[in-house]
Every structure is written in C-alpha cells, then in structure tokens.
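Notes follow the structure.
Letters A, B, ... are given to chains in the order of the sequence lines, protein chains preceding strands, and every chain is numbered from 1. Model, not experiment: these values are computed from the prediction.
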There are 2 protein chains.
Amino acid sequence: MRQNAEKSGPKKPATMRDVARHAGVSVATVSRALDGSSLVTEETALVVRRAVAKLNFVPNISARTLKYGQSHAIGVIVPDLTNPFFSEFLREFEALASANGQVVLLANAEASVGGALTSVRQLLMRLVDGVVVLPSLDELEPYQLLTLRKVPTVAIDSRRTGPCFSDVSLMHEEGMRQAIGYLKDLGHRKIAFIGGSSGLMISKLRLDAFQASLKMHGITVRHEYVRYGNYRADGGDRELRNLMLLADRPTAVIGVNDLTALGALRAARTLNISVPNEISIVGFDGIELDDLVSPSLTTMSVSRKLIAQSCHGALEEMRVGRNGLGRQLYIPVELIVRQSTGRPLRKMTKSR
Amino acid sequence: MRQNAEKSGPKKPATMRDVARHAGVSVATVSRALDGSSLVTEETALVVRRAVAKLNFVPNISARTLKYGQSHAIGVIVPDLTNPFFSEFLREFEALASANGQVVLLANAEASVGGALTSVRQLLMRLVDGVVVLPSLDELEPYQLLTLRKVPTVAIDSRRTGPCFSDVSLMHEEGMRQAIGYLKDLGHRKIAFIGGSSGLMISKLRLDAFQASLKMHGITVRHEYVRYGNYRADGGDRELRNLMLLADRPTAVIGVNDLTALGALRAARTLNISVPNEISIVGFDGIELDDLVSPSLTTMSVSRKLIAQSCHGALEEMRVGRNGLGRQLYIPVELIVRQSTGRPLRKMTKSR
DNA sequence: CTCTAAAATGTATCCGGTTACATGCAAACT
DNA sequence: AGTTTGCATGTAACCGGATACATTTTAGAG
C-alpha cells in the first residue's frame, strides 16, 4: 500500500468497470456519478470519485464516440501552416474549440496526390463534428463527400453554401475599393497586382476585386501589371523584380496576401528601390509581422478572431439545428495605412 | 435507381454490416476484403469494393480504437501557434505523422488554469499513440500523468528522460559558444541577453548557455545586461529600449528566440540606432522571417525538419518497442551570419 | 464417387461508456 | 399490514470493426 498503490505496471488504463469494482458499485452508478447530474447519493458519488482518483481513471472517448456517432473533434484543413494568416487563425479557432470541449484535428492539404480527399476521408473516419476548410479548394470531390455525410462544413472564401455547408467570406471588394481609392488619392495610376497561383479561388477573388475596383475608379487595367506568385514571400520577391523590368513601371503594387507583399518589399530593398517613394506596396491579411519590417506594411487587415468566431459559430449552428442549409457570412476588411505607401515621385514618365 | 441511389437522406453513415448486406456476404468477409491481405476471392473482393463505393462506406475509427486501445493520433501541445518556430515545426511534424497514417491532435498550453493538465487529459481520453510537448512545461503533473499511462512522450529541451519519455534538445551551448565567439572576434565585449519569462525552461537553458559561453570566452557577465522579455516581438522591443537606457550600453544583444530579436531590431530602428553599427543583434531559431526584415537577422538556426524527425522517430521507437526508457537526442545549432551583426563602432565609451 | 485437406466464408464475441429497463428498498399513505 | 410512490442502484444491450473459432465450399487425391 505504501510504495505501489496498484500492483505492478498499469499496462492497460483503468476502465469504468475497474472503478465500479473498486468502489463496490455497478458501472451504471459510476457513469451517473461522473455525470454528476443525475440521481446518485452524495455518499456513493464520493466513493466513486475516490476510486476514480485512485485508479487514475480517464474515460475512453472512443466508446462514447462509437455510441453517439460524434467525436467532439473538429477537423481543420490548412494549406500551409507556415503562413501566419493560417496559424493565427488556428490559434483563435483552437481556443474556441477547446472552450467548447472540442479538440482540433489538423489535416494538411498540401500532401501530394489527392491530398485534400485523403484528409477528408481521415476526418470522416474519425466522425468529426465539423470541418473547416481554410483554402478554398478547387476540387469539388472533397466537398461532396462531406456534404454526402452531412458533416457540418465551413469554408473560407468559397462563396458557396448548401446543405450543411456554410461560407465565411472576406469582403475583398470592399477592401480593394478602399485600398485603390487610397492609392488613387495619393496620385497613383499605375497599380499592379501580384496574385497567388493563378487557379486558386482566393487569388481569383482578390484579382477580380482588384480589377473591378480599378475600373470603378476609372483606372485602366493593364494586363502586364497582373502577375502570379505563390502566396509566399519568394513569389512576391520574384514578381516584383519582374514588374521592375517593365519599361513603364507601376508606382504601386498590391499583393494577394501579406507574405507576397513582404516578399515584394524585400525585393525592392534589395534592388535599392525606395519604398514608398518609388513604389508603394500594399498587402492583404494583417498578420502580426507587418509591423516588424521596415518600412512597415500597409495592408487590408481582417480580424482572425472574427473569422474564427464566425467559422465556429456557423459549425455549431449547423450541428445543433440540423436544419439543412448553411449560412453565408461576410467579414469586414479594414485598410491599415503604414509606411509602405505614399505619394509617387513626380518624375518624367512616358505619358502612355 | 436513377436519381437516388440511396433512399432518402443517408443520415447515418454506412457501416460494415450495411456493406455486407449489400454485397451479400458477411461482415468478416468485408473486413478481410478491405484488408486486402488475407484470403478472399478476387471476385468477392470486387463485389465488396463495389458495395463500399456505392454506399460511400468509410470505416469508423472509434470502433477500431476501442478494440485496440490505440487511435493513430498524436497529440501536440503547443504554447503559441503564432510563433513561427512552432508552426514551422508543426508543419514538418504533421507531414511525418500523416505519412504514417496518423493525425495530429492540437492541444494548446496557453488555456488559463491547469491548461496543460486539461490538455493532457483530453489527449489521454482519446488514447493518443504519443504526445509531443513543445515548450518544456515547468509543471510536472502533466508529465506524470502521461508516464503513468505509459504514453510515449517526447519533450523539447526538457533535458529529462524516463520510462516512455524521450527528450529532444537543441545544442544551445554549442550555438551560444559559436555566436559569442563570433561576436568576440568582431570586437564585442559588452554583450546583452534578452530572455523569455524568467521561469521557463527554455529561457533558463539559453541564459545558462549564454553566461557559460561568456565566461568561457573570458568576458565578464554583467547582470544589468540580462533582461527578460516574453518570447514575442513586443518583449524584445521593450527590453532593447531598456538596454539602451543604460549609461554603458551593450554593443551586441542576443535574443532568446528570433521573435525577441526581431522586436529588438524594430526598437533599434525606431530609436534610430544603427544596426549593426551601434548594436549587433543575434536571434535563435532560424525562422523564415529572418530573411524578410532589413537588416536581415543573424541567428542560431536549428532545422525544424530535423527536430520533427527526431520527435517522430523517438515516439515511434517507444511505441513499437515498449522497452521502457526513452532517448536523449541532440539537435545541432548553426550560426547563420546575416546583416544584423558587424564590428562595433570604435567610439569613446566609459572604460568601466 | 468418396474422402480429406485446404480455402473461403459465416457466427459470435470483444472492446468501454451509456442508458432503457428491471429491480430493490424505504418512506408514506390507505 | 398492504400498497403505492419514488428514489437509488443493478443488468444487459447497443454502438461498429476485428478476429478466434465454427462452418461451408471447393479441389485434389485415391
């Protein structure tokens, strides 16, 4: 009793029946005592709780999941954890989930072949209560599988809703209008855009918003000012260099996300092109890094916390009231002006 | 048959028995057919696979977990996802896990009271195959619980091993020796250190290494040159300002991690203190950002991939061969010299 | 054509927590 | 005393996949 409360090695975790035996009651009583809620003598409950403590009993969630068909786990499909936008989102979302007694199952979408589909299948096997799809996938199959199973799903920027499928979209159009209006007011007319890989939804949405906003402000859209990066800094770096090779250089450039813009910023620095005098740079996301670089990055910021809350809320709503259709939510975008933008230098340029 | 292969809404996912019925065989046959391995006619297997496809059957992992007591899930306890060091690690680790058919269960350690303990309990309930503890927790209780359950665990920089408990440590001492040797060669004698919150293991280890290395190089340790931040940029920013208030300023400062150093870099920029002329700054981690700022950050870099591989390897080793003791692994640290370090300005200073 | 061995398939049970239903037992009322 | 009410507890079945063991089918040998 002194040195080894349990005999030898507790290889197998204690089960409820072990607790029941130890407490001299039945499993049902143990279960009820642990629920706290129901009808068990305080006395009995105490005995049970003591047995639980002594045996270090931890309930086996699989058994519960098996019975109820839900695991209190939420799958999150992330394209690239390295992107601060996603990791910042994940932190917020995880906090919400764990406050709700749910755990987060991480699934990567970058795995080679059929990555997303495999991830989705993994999540389905584990009977997740819901799924968050962070990049909007272009493939439809993973979505269909989720819908078929009626697993509450929320996607970011998919601009699509359906049964058990909600969407949380950023107001790109609004943000882009602000940003371009701001640049125009500063005197910019030659504004370029560095997107992500051309196919992806998010890049397309932001590019569309970019072009629409230019038109709205009466600025001509020039195809040579539209480039495609990769959502990472090196893509932004590369494409800014390409833009600088043009005879008629843009005076401002907008990145599809902050990493792209930060890459562009670095390229400008390396090329000894002054920011914002020779070129203004604007990002999109509002990651914490923006304020760590010099000049700090002007960006269209969107609250990660709000996105996370919206996603979690939408999932819960679909989960509890299994009433078919999902929701379409919009998240505001706010232009944050920092040091990477300013008036363009008035120097001789071909008037086009 | 045309418009609705399954009648009405497939509320409940198809089970193996559904597949068996549909294929006109028994559950055992279905199970074997899906294993592929065993003794089933190719013909039968085909019928089964067709039924699986038609019913969109996905096995229920909980049932398997219940039977075997292992879930093919690995818990990762992270202190702050926002720190690129952790998110970069997580990306690498997730890739390894998913290549091994495991999923990653995210657990945060920042949750208010008893955060880590609650997280650990959650993971135990889910019968994780292993746990990675990223920050070395100072509390012992969570560890004890894991050890009691014989869940393979690997911690970073805990410098402690035991039954079912491995450690992966960075070679701080080695890195610090390199860094300080390098700074000394440049002519620095007044070197400061900005740690994290004073109590935490990782800060303590690096501070100890810092002080030991200074001594080794015959440089006196000055207590006013040791400050405590918070592992984030704002802490580094704040503490660099404090250091600059000293009458006898240091000429170089080493951050406990890169975020701290980047914060210090920003503070120097804001204060119009030239880096590296007036102050050299060195970080620790080697995050991708280091190259995005200007001047780019000199740092003691450690391969996230190698850490992830070591962690995963150690877990697997403990899992398959349940042979008691864990391992102690060391990860090399490499000094990467960039623009934030250089010779100190030779100007009049109080000779102390 | 029969018998036997091997191959293919079926049946039933286990894993552990929950809960409908059954049982027990005491106080309260007729 | 007998009976009802109601609370406390026990018993057993269920969830779904795996598998030891039982049973059937098939093939090959005599």
Side-chain angles (χ1 to χ4, degrees), chain A residues 10-49 51-52 55-72 101 121-122 124-129 149, chain B residues 10-49 51-52 55-72 101 121-122 124-129 149:
Chain A
K11 284 177 130 62
K12 286 258 181 169
T15 74
M16 218 166 199
R17 311 202 201 259
D18 296 332
V19 174
R21 200 176 318 120
H22 197 277
V25 296
S26 74
V27 285
T29 304
V30 173
S31 179
R32 285 186 283 246
L34 295 182
D35 272 358
S37 54
S38 30
L39 18 82
V40 187
T41 311
E42 183 49 40
E43 193 189 3
T44 316
L46 197 69
V47 176
V48 170
R49 261 174 278 145
V52 165
L55 298 180
N56 273 294
F57 169 74
V58 171
N60 179 337
I61 288 227
S62 299
R64 235 180 263 176
T65 300
L66 186 54
K67 186 151 177 61
Y68 293 107
Q70 57 166 298
S71 61
H72 291 278
R121 244 193 280 267
Q122 260 289 338
L124 285 179
M125 287 203 279
R126 293 179 189 266
L127 301 176
V128 288
D129 292 0
R149 275 285 148 65
Chain B
K11 283 176 139 38
K12 287 259 181 170
T15 75
M16 217 168 200
R17 299 182 216 272
D18 297 332
V19 174
R21 200 175 318 121
H22 196 276
V25 296
S26 73
V27 286
T29 304
V30 173
S31 179
R32 285 186 283 246
L34 295 182
D35 273 359
S37 55
S38 30
L39 18 79
V40 187
T41 312
E42 183 49 41
E43 192 188 4
T44 315
L46 197 68
V47 177
V48 170
R49 262 174 278 146
V52 165
L55 299 179
N56 272 294
F57 169 74
V58 171
N60 178 337
I61 289 224
S62 300
R64 238 181 263 176
T65 301
L66 186 55
K67 187 156 178 54
Y68 293 107
Q70 59 168 295
S71 61
H72 292 278
R121 245 193 280 268
Q122 259 290 337
L124 284 179
M125 288 203 279
R126 293 180 189 268
L127 301 177
V128 288
D129 292 0
R149 274 287 147 63

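A donor-acceptor pair under 3.5 Å links the side-chain atoms of B:Thr65 to the main chain of B:Ile61, judged by distance alone. Remark: the backbone N or O of B:Ser71 is paired with a side-chain donor or acceptor of B:Asp129 at under 3.5 angstrom. Not a single donor-acceptor pair under 3.5 Å links the side chain of A:Thr41 to the backbone N or O of A:Glu43.
Side-chain atoms of B:Ala63 lie closest to D:dG17 of the nucleotides D:dT19, D:dT9, D:dG17. Picking from C:dG16, D:dA8, C:dT19 the nucleotide with the shortest atom distance to the side chain of A:Ala28 gives C:dT19.
Per the geometry, CG belonging to A:Leu66 stands 13 Å off P belonging to C:dT19, to the nearest Å. Following rounding to the nearest Å, B:Met16 (CE) and D:dG16 (P) show an atom-to-atom distance of 12 Å. Rounded to an integer number of Å, the gap from OH of A:Tyr68 to C1' of D:dC14 is 11 Å. Between A:Arg64 atom CZ and D:dG16 atom P there is a gap of 18 Å when expressed in whole angstrom units. Between the CZ atom of B:Arg21 and the P atom of C:dT11 there is a distance of 13 Å, rounded to whole Å. When the C1' atom of D:dG17 is taken as reference, atom CG of A:Leu127 falls 12 Å away, rounded to whole Å.
Residue-level contact check: B:Val30 touches neither bases nor backbone, having no heavy atom under 4.0 Å from any strand.
Between the base of C:dG17 and the side chain of A:Arg32 there is no donor-acceptor pair shorter than 3.5 Å.
A sub-4.0 Å separation between OP1 or OP2 of C:dT18 and a side-chain N or O of A:Ser31 is present. At C:dG10, one or more side-chain N or O atoms of B:Ser26 fall inside 4.0 Å of OP1 or OP2 (strictly under the cut-off). Taking only side-chain nitrogens and oxygens, B:Thr44 comes nearer than 4.0 Å to OP1 or OP2 of C:dT9. Distances shorter than 4.0 Å separate some side-chain N or O of A:Thr41 from OP1 or OP2 on D:dT9.
Taking the nucleotide of DNA chain C with the nearest heavy atom to each of B:Lys67 and A:Arg17, the more 5' of the two is matched to B:Lys67.
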